[in-house]
Amino acid sequence: MINIIWLILIVLGVITTAYKGNIESITLITVEASTNAVTIAFQLIGLVAFWSGMARIAEEAGLTTALAKLMGPVIRWLFPSIPKDHPALAAIAMSMSANLLGLGNACTPLGIKAMSELHTLNPDPEQATAAMCTFVAITASSLTILPTTIISLRAAMGSMKPGAIIGPTMIATSTSTLVAIVADRLMGRYLR
């Protein structure tokens, strides 16, 4: 579906440009946008590598277990079906921490690990458990306190105030996470 949407956008862009009589700008814009994409990707590689490495060090040092205990009351309330001291709790805590710090790219491998740990508790491999659904809802809503990736991107693109995004991000992600939790609880109560 997403490929169809992209195709429609590209075709509409080409038609609009041709209609305005500026068809030669497509090549210039394509080269410029591709160059910018590579530049931004390289700028993000360092950031993602750093936080992925920090996550690995934190795991080896036992920080993930400590973090899981610190976030324990909230995580236990959100995931009541996970047994105490199960590795899924630490994995969820690390994934949620990455989201809180706005490290969406670093959050992805942590989220995959959390989902793998949750899958070990799943009696039916063909169907997601309630905890898995809750985790997806919370991760997708992505509560963010410090949007470091966005701030880095804004700084890299020459923004005068790259940190100005912090307030709106906190409001938006708090709202989305609250809605996700309420929806998850309602769906869990009436549809599961």
Side-chain angles (χ1 to χ4, degrees), residues 1-10 37 41 44-45 47-145 147-150 169-170 172-192:
M1 183 65 183
I2 194 72
N3 290 334
I4 294 171
I5 293 172
W6 277 113
L7 179 63
I8 291 170
L9 289 173
I10 290 170
L44 284 177
I45 286 173
L47 186 67
V48 171
F50 173 77
W51 285 109
S52 295
M54 291 300 289
R56 184 70 179 161
I57 291 170
E59 184 179 4
E60 292 291 325
L63 185 61
T64 57
T65 305
L67 190 60
K69 287 181 180 174
L70 184 67
M71 297 176 70
V74 175
I75 293 176
R76 296 286 306 154
W77 178 74
L78 290 171
F79 302 95
S81 62
I82 300 175
K84 187 178 180 183
D85 296 329
H86 191 276
L89 294 174
I92 290 170
M94 284 302 295
S95 177
M96 289 176 72
S97 299
N99 262 339
L100 287 172
L101 296 173
L103 303 170
N105 292 327
C107 180
T108 301
L110 296 171
I112 290 171
K113 182 174 181 180
M115 193 58 85
S116 296
E117 293 292 345
L118 287 171
H119 192 63
T120 63
L121 299 169
N122 188 356
D124 182 6
E126 299 297 322
Q127 190 171 8
T129 63
M132 293 169 115
C133 293
T134 301
F135 179 70
V136 169
I138 291 174
T139 301
S141 67
S142 185
L143 176 60
T144 304
I145 294 173
T148 52
T149 302
I150 301 300
T169 299
M170 286 178 67
T173 59
S174 297
T175 304
S176 65
T177 301
L178 181 63
V179 170
I181 291 170
V182 170
D184 178 70
R185 288 294 190 246
L186 290 175
M187 300 284 258
R189 180 172 296 174
Y190 297 112
L191 298 181
R192 289 182 196 148

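This structure is a prediction, so every number in the text was calculated from the model and none was measured. Side chains included, hydrogens not; waters and symmetry mates left out as well; all remaining heavy atoms used. Numbering of residues begins at 1 and proceeds along the displayed sequence.
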Locate the shortest heavy-atom distance separating [X] from [Y]; write the atom from each residue and the value.
| X | Y | value |
| --- | --- | --- |
| Phe135 | Ala114 | CZ-CB, 3.6 Å |
| Met170 | Ile145 | CG-O, 3.5 Å |
| Pro83 | Arg76 | C-NH1, 3.8 Å |

Query raised in the report: Has the side chain of Ser141 got a donor or acceptor atom that lies under 3.5 Å from a matching backbone atom of Ala180?
Result: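 The answer is no, because no donor-acceptor pair under 3.5 Å joins these two groups.
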Any side-chain heavy-atom pair from [X] and [Y] closer than 4.5 angstrom?
| X | Y | result |
| --- | --- | --- |
| Thr177 | Thr144 | no |
| Cys133 | Met187 | no |
| Met115 | Thr139 | no |
| Ile82 | Ile92 | yes |

**Report entry** Atom pair CH2/CD1 of Trp77 and Ile181 - distance to nearest 0.5 Å
**Finding:** 5.5 Å
Report summary line: Rounded to the nearest 0.5 Å, the CG atom of Leu143 sits from the OG1 atom of Thr175 at a distance of 10.0 Å
Requested in this report: May I ask you to check whether Asn99 and Ser142 show a side-chain donor-acceptor distance below 3.5 Å?
Outcome: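 There is such a pair (donor and acceptor under 3.5 Å, judged by atom type) between the side chains of Asn99 and Ser142.
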Query raised in the report: Excluding sequence neighbours, so at least two apart, what forms side-chain hydrogen bond (donor to acceptor under 3.5 Å, both in side chains) with Thr173?
Result: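 In terms of side-chain hydrogen bond (donor to acceptor under 3.5 Å, both in side chains), with neighbours along the sequence ignored, Thr173 is linked to no residue.
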Query raised in the report: Per the side-chain contact (heavy atoms from CB on, under 4.5 Å) rule, which among Asp184, Leu186, Val179 passes with Val182?
Result: Leu186
